[in-house]
Amino acid sequence: PAAELRKRLATASAEELMAKSSSGQTVAHVLVASLYSGKAGDISRLEPWSHPGTETRYRHAITNRLAQPMLPMLAAVLKTQPALARAADAHGVTPLHLAALLG
């Protein structure tokens with residue numbers, strides 16, 4: 001799925017990249033949000049812990065692995081359409097806000 005998404009983003013027109021959902025989100029909002037997965041905590045809790053104190057590192061390993069294919073896609077989209085970084089959704093939230101919030 002990541003390869004297909006990467007190909008679609010690479011061939012998208014400026015108009016397609018700037019399109020907003022009904023809630024005002026752009027592709028940049030979605031890609032930034034995908035860099036953080038709240039589900040990583042759920043996934044990591046499925047694994048029994050043999051070494052107490054390693055939960056955070058394990059969770060970050062999962063989150064980072066999920067985000068790996070998204071970083072280059074986000075960079076490519078923002079290189080093509082830098083205005084997307086400041087495009088506000090219906091609540092005034094920009095991808096920059098999301099990046100700061102999600103860390």
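Predicted model, so just to flag it, every value in this text is computed and none were measured. Residue numbers count from 1 along this sequence.
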Taking every non-hydrogen atom, the tightest pair across [X] and [Y]:
X     : Y     : answer
Leu84 : Ala28 : CB-CB, 3.8 Å
Pro95 : Ala85 : CD-O, 3.5 Å
Leu17 : Val27 : O-CG1, 3.7 Å

[atom2] on [Y] to [atom1] on [X], rounded to 0.5 Å:
X     : Y     : atom1 : atom2 : answer
Lys79 : Leu74 : NZ    : CG    : 13.5 Å
Gln81 : Glu15 : CD    : CD    : 10.5 Å
Arg86 : Thr26 : CZ    : OG1   : 12.0 Å

Are Leu96 and Leu71 connected, step by step, through hydrophobic side chains (Ile, Leu, Val, Met, Phe, Trp, Tyr) whose heavy atoms are closer than 4.5 Å?
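Shared cluster, no.
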
Do you reckon Met70 sits in the same ILVMFWY cluster as Val30, going by side-chain contacts under 4.5 Å, direct or chained?
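No, Met70 and Val30 fall in different hydrophobic clusters.
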
Are any side-chain N or O atoms of Lys20 and backbone N or O atoms of Ala90, one a donor and one an acceptor, separated by less than 3.5 Å?
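Such a contact is absent between Lys20 side chain and Ala90 backbone.
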
Counting distance only, does the side-chain N/O of His29 pair as donor-acceptor with the main-chain N or O of Ala87 below 3.5 Å?
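Present.
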
Pair Arg6, Leu9 - check side chain to side chain contact (heavy atoms under 4.5 Å, CB included), show working.
CA-CA 5 Å; Arg6 189 172 22 259; Leu9 289 172; 6.0 Å; no

